[in-house]
Amino acid sequence: MSNDKFLKHSENQQKINAFGYRCIKLLQNCVKKKSKQTNVDLFELFFHELVCFYSSAYITILTQIKSNKKTSFPFVNSRFITDPNAFQIQAFKQESIPFYFLFFKLNFWSKKTLWVGPNLRSEEKISLFKKAWKVKIKKEKRKKLTIKISHYQFFVNEITQISKTLELPFSEKHIQALENYFKQFICFEGYKPISKKNEFLLAGSNSSLMQRVASANFLKDKGNVISFSHGYASIAIIEEPIVEYGEWKFNSSM
């Protein structure tokens with residue numbers, strides 16, 4: 001890398017870092033203090049995805065990186081910036097339930113039910129099934145988070161205002177495209193509680209949005225969520241927003 005390119009890269013990195021901190025601060029200001037754990041804050045739920053959305057747009061504009069492909073949310077590319085219809089949403093498929101889950105579901109002598117989250121790792125499942133006779137085990141099916149439409153409208157108004165504050169070239173159509181992504185995970189209809197106070201959800205990392213939604217659903221229905229951090233070290237050593245608003249906010253115990 002030539003000296004001029006290195007200096008330009010260093011200058012861009014400083015601008016990106018400054019933008020990232022500003023973006024995070026604006027989103028943190030939107031997070032409300034909750035009186036109850038059963039109240040789910042959409043800014044906490046989608047915090048990481050919004051940071052990716054805003055920052056990838058800024059990086060694309062700053063570096064002038066061109067792309068002819070449709071963008072894949074929550075990230076943004078140059079084509080989407082000029083054409084808000086140029087996006088694709090990954091379809092999330094419901095995994096089939098292994099036969100042994102059906103067997104443990106019939107564990108009628110147990111008074112406790114343990115639900116297994118969508119991204120539990122294989123080694124964690126092995127440890128779980130060694131003591132499976134103690135509890136009923138059910139696989140958590142993918143389910144949208146039910147919220148009040150007024151809360152959602154406030155959320156959309158705020159993220160639109162943040163886009164303007166950050167001086168990003170997002171129109172109403174751009175925000176509507178992002179809404180299509182969010183609406184994979186939320187709904188406004190009534191729901192039937194999936195958990196009880198004596199039931200637990202064994203989750204993998206809550207940094208996964210699908211797992212985060214499952215955990216939020218469980219907490220909303222007054223259930224208990226036990227999540228695992230990464231590797232063998234305490235996740236408390238990692239001071240990043242995805243840890244605070246991903247791992248920590250949507251669990252009862254880690």
Side-chain angles (χ1 to χ4, degrees), residues 1 4-5 8-31 41-94 142 144-145 147-189 207-213 216 240-242 245-246:
M1 181 182 292
D4 289 341
K5 287 184 177 180
K8 183 64 176 177
H9 175 77
S10 178
E11 180 183 335
N12 284 347
Q13 191 61 56
Q14 291 179 26
K15 291 180 179 178
I16 292 169
N17 290 342
F19 178 88
Y21 286 121
R22 187 184 178 201
C23 174
I24 289 169
K25 186 65 176 178
L26 288 170
L27 287 170
Q28 286 176 329
N29 290 339
C30 292
V31 175
D41 191 317
L42 291 177
F43 292 99
E44 290 180 338
L45 187 67
F46 295 123
F47 196 98
H48 178 65
E49 287 67 35
L50 285 169
V51 171
C52 291
F53 180 73
Y54 294 135
S55 60
S56 59
Y58 179 78
I59 292 170
T60 298
I61 295 168
L62 179 66
T63 59
Q64 298 183 342
I65 297 175
K66 301 296 181 182
S67 176
N68 295 322
K69 297 180 180 180
K70 290 184 176 182
T71 198
S72 182
F73 289 132
F75 298 97
V76 168
N77 62 15
S78 61
R79 184 179 172 187
F80 174 74
I81 291 175
T82 57
D83 178 12
N85 294 315
F87 68 92
Q88 59 185 4
I89 296 176
Q90 179 183 357
F92 293 100
K93 297 181 180 179
Q94 181 67 53
R142 184 172 181 272
K144 293 185 177 183
L145 178 69
I147 60 171
K148 292 182 179 179
I149 191 168
S150 58
H151 291 176
Y152 178 73
Q153 290 171 340
F154 174 78
F155 170 72
V156 173
N157 290 338
E158 287 296 305
I159 63 175
T160 302
Q161 183 57 48
I162 290 174
S163 298
K164 295 178 181 179
T165 302
L166 293 172
E167 299 180 341
L168 295 173
F170 289 142
S171 65
E172 183 179 347
K173 289 186 176 180
H174 287 96
I175 300 300
Q176 288 174 350
L178 181 63
E179 285 189 71
N180 289 331
Y181 171 71
F182 288 146
K183 286 178 179 177
Q184 293 181 101
F185 307 98
I186 59 176
C187 63
F188 310 115
E189 299 175 354
S207 60
S208 161
L209 180 54
M210 286 185 66
Q211 179 60 66
R212 218 178 307 147
V213 172
E240 293 183 3
I242 184 56
Y245 296 107

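This structure is a prediction, so every number in the text was calculated from the model and none was measured. One is the number of the first residue; the rest follow in order along the sequence.
A search for side chain to side chain donor-acceptor pair (under 3.5 Å) contacts involving Q88 returns nothing, not counting sequence neighbours. Taking the side chain to side chain donor-acceptor pair (under 3.5 Å) definition, one finds that N17 meets it with Q13, sequence neighbours left out. Residues forming a side-chain contact (heavy atoms from CB on, under 4.5 Å) with K148 (at least two apart in sequence, or on another chain): S150, H151. Here K8 pairs with nothing under the side chain to side chain donor-acceptor pair (under 3.5 Å) rule; sequence neighbours left out. Take Q14 and apply the side chain to side chain donor-acceptor pair (under 3.5 Å) test, not counting sequence neighbours, and it matches no residue. Judged as a side-chain contact (heavy atoms from CB on, under 4.5 Å), and not counting sequence neighbours, the contacts of I59 are I16, T63.
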Going by atom type alone, with no hydrogens or angles, which donor-acceptor pairs under 3.5 Å involve a side-chain atom of residues 168-176 and a protein atom two or more places apart or on another chain?
from: S171; atom 1: OG; to: K173; atom 2: N; distance (Å): 3.3
from: S171; atom 1: OG; to: H174; atom 2: ND1; distance (Å): 2.9
from: E172; atom 1: OE2; to: Q176; atom 2: NE2; distance (Å): 3.3
from: H174; atom 1: ND1; to: S171; atom 2: N; distance (Å): 2.9
from: H174; atom 1: NE2; to: F80; atom 2: O; distance (Å): 3.0
from: H174; atom 1: NE2; to: I81; atom 2: O; distance (Å): 3.1

What pairs of donor and acceptor atoms, side-chain ones from residues 152-160 against any protein atom, are under 3.5 angstrom apart with sequence neighbours left out?
from: Y152; atom 1: OH; to: E179; atom 2: OE1; distance (Å): 2.6
from: N157; atom 1: ND2; to: Q153; atom 2: O; distance (Å): 3.2
from: T160; atom 1: OG1; to: V156; atom 2: O; distance (Å): 2.8

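Among F185, F87, F182, the one residue that satisfies the ring pair (Phe, Tyr, Trp, His ring centres under 6.0 Å) test with F73 is F87.
Residues F53 and F75 keep their aromatic ring centres 6.0 Å or farther apart.
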> Yes or no on side chain to side chain contact (heavy atoms under 4.5 Å, CB included) for L209 and Y181, after CA distance, side-chain angles and deciding distance?
Replying inline: CA-CA 12 Å; L209 180 54; Y181 171 71; 3.7 Å; yes
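For residues 11-26, the salt bridge (Lys or Arg N to Asp or Glu O under 4.0 Å) pairs, not counting sequence neighbours, are E11-K15.
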